[in-house]
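Here's the structure, in structure tokens; my notes come after.
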Amino acid sequence: MEAQLSDVEAGRRFYGELFGWTFGQTGEDGETGESDGGSGDAGDPASEPERPKEPGKAEQPGKAERPGKAGRPGEPQQPGTSLRAYLEGEPVAALVRKTDGRMPTVWSVYFHTPDARALAERIRAGGGQVVTPPHPVGELGTAALAADPEGAVFALWEPGGHRGFGRRHEPGTFAWAELYTRDTEAANAFYGDLFHDALFGPDADPDFGRAPVADVFPAEMPPHFLVHFLVRDVEAALGTVARLGGRVRVPPFETSYGRAAVVSDGQGASFALLQR
């Protein structure tokens, strides 16, 4: 996963204090060190969680991540434009500086694939769009940016030197990705075809799902993915978000996968806090 931000240093301070992340600055081929998230150091590049295996269960909300050039999802990352976030020394996310103010301030979800080019062709065949074709990100891997038939944007990651998440499903790390869509049956068909084994196979352990947009958001909200981070206490985390300059977008509500609340950081990137 990665957040596209105008001010990466402000993001470092916000997420470092909220989740206890430290950061390490890297270029496309390597890292130059790790620093404390609450101090003034940095961390780095666009990268995708090690295990955003293909999406999770089609009945439950979802997740994704992706590398890319600062400000342009799915494009090669340039040194010094992003920070990789760590928890207890393991990679958990990335913060990427936008170079174009017209780009949205968002958390992007990446789906792991062994063959990004083949999956991109299947996305097109299924009625989706390949926004940025598969391309190498240094020695880290291959990235692409795509959209489903309703316009929900997600990314693909074919690992090279960077495998993805080092930790997940723990407080302060990725826990779930939910797709909010207008047509759940169409979403089931599209993602079920793309990621059938990860969603429905004998060893499937999906951390991705879907729900109608109107279940949580105004009906006019466009379809989108919402990244969820696990916290021990949602109410306490909401207090920290407010203190750090973030906003509560949707107060706590119950879901089939836990108690969630939707928030945004001080720059407007939305994500969810999840208590299980």
Side-chain angles (χ1 to χ4, degrees), residues 1-7 10-21 37-38 49 52 55-65 85 87 92-93 95 104-109 150-154 167-184 187 206-276:
M1 300 174 302
E2 74 181 22
Q4 294 275 328
L5 305 172
S6 296
D7 188 339
R12 179 190 58 76
R13 293 188 293 272
F14 181 92
Y15 293 102
E17 186 162 349
L18 179 61
F19 295 132
W21 292 349
K57 185 183 250 178
E59 263 107 78
Q60 303 179 353
K63 113 194 186 175
E65 181 200 56
L87 186 65
V92 292
L95 308 181
T105 300
V106 295
W107 273 96
S108 297
V109 175
E150 287 201 323
V153 175
F154 59 97
R167 306 176 81 95
R168 64 188 187 113
H169 298 173
E170 307 173 24
T173 70
F174 168 83
W176 189 261
E178 185 79 338
L179 168 65
Y180 285 97
T181 181
R182 301 193 196 288
D183 187 337
T184 55
D207 42 20
F208 159 80
R210 58 92 184 113
V213 169
D215 278 6
V216 174
F217 300 100
E220 61 272 17
M221 176 78 77
H224 64 283
F225 280 93
L226 184 66
V227 172
H228 292 54
F229 294 102
L230 194 66
V231 295
R232 290 186 174 86
D233 184 331
V234 153
E235 300 293 348
L238 290 177
T240 303
V241 166
R243 178 173 58 80
L244 294 173
R247 294 181 59 186
V248 177
R249 301 291 182 177
V250 181
F253 59 98
E254 298 298 329
T255 74
S256 61
Y257 51 92
R259 181 171 172 78
V262 183
V263 300
S264 60
D265 64 22
Q267 300 179 65
S270 293
F271 58 98
L273 301 170
L274 179 65
Q275 180 180 338
R276 285 174 161 165

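Reckoned from all heavy atoms, side chains included, excluding hydrogens, waters and symmetry mates.
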Sub-4.5 Å side-chain heavy-atom contact between L5 and D265 = yes
Which heavy-atom pair separates R182 from M221 by the least distance, and what is that distance?
-> NH2-O, 2.8 Å
Flag, side chain of Q267 to backbone of D7, donor-acceptor distance under 3.5 Å = yes
Mind checking whether F229 and W107 have ring centres under 6.0 Å apart?
-> yes
Interatomic distance, CD@Q275 vs CD@E254, rounded to 0.5 Å, equals 8.5 Å
Crowding at CZ, R247 (>12 non-hydrogen neighbours, <6.0 Å) | no
Answer yes or no: is there a donor N or O on one side and an acceptor on the other, between the side chain of T255 and the main chain of G258, under 3.5 Å?
-> yes
Are F225 and V106 close enough that some pair of their side-chain heavy atoms sits under 4.5 Å apart?
-> no
Quick one: are the ring centres of F174 and F271 less than 6.0 Å apart?
-> no
Would you name the heavy atoms of L95 and G11 that are closest together and state the gap between them?
-> CD1-C, 3.6 Å
Crowding at CZ, R232 (>12 non-hydrogen neighbours, <6.0 Å) = no
Short side-chain to backbone donor-acceptor contact, E150 and D183, under 3.5 Å = yes
Verify whether one side chain among S264 and R249 offers a donor that lies under 3.5 Å from an acceptor in the other.
-> yes
Atom pair OH (Y257) and CG (L274), whose distance is rounded to the nearest 0.5 Å = 7.0 Å
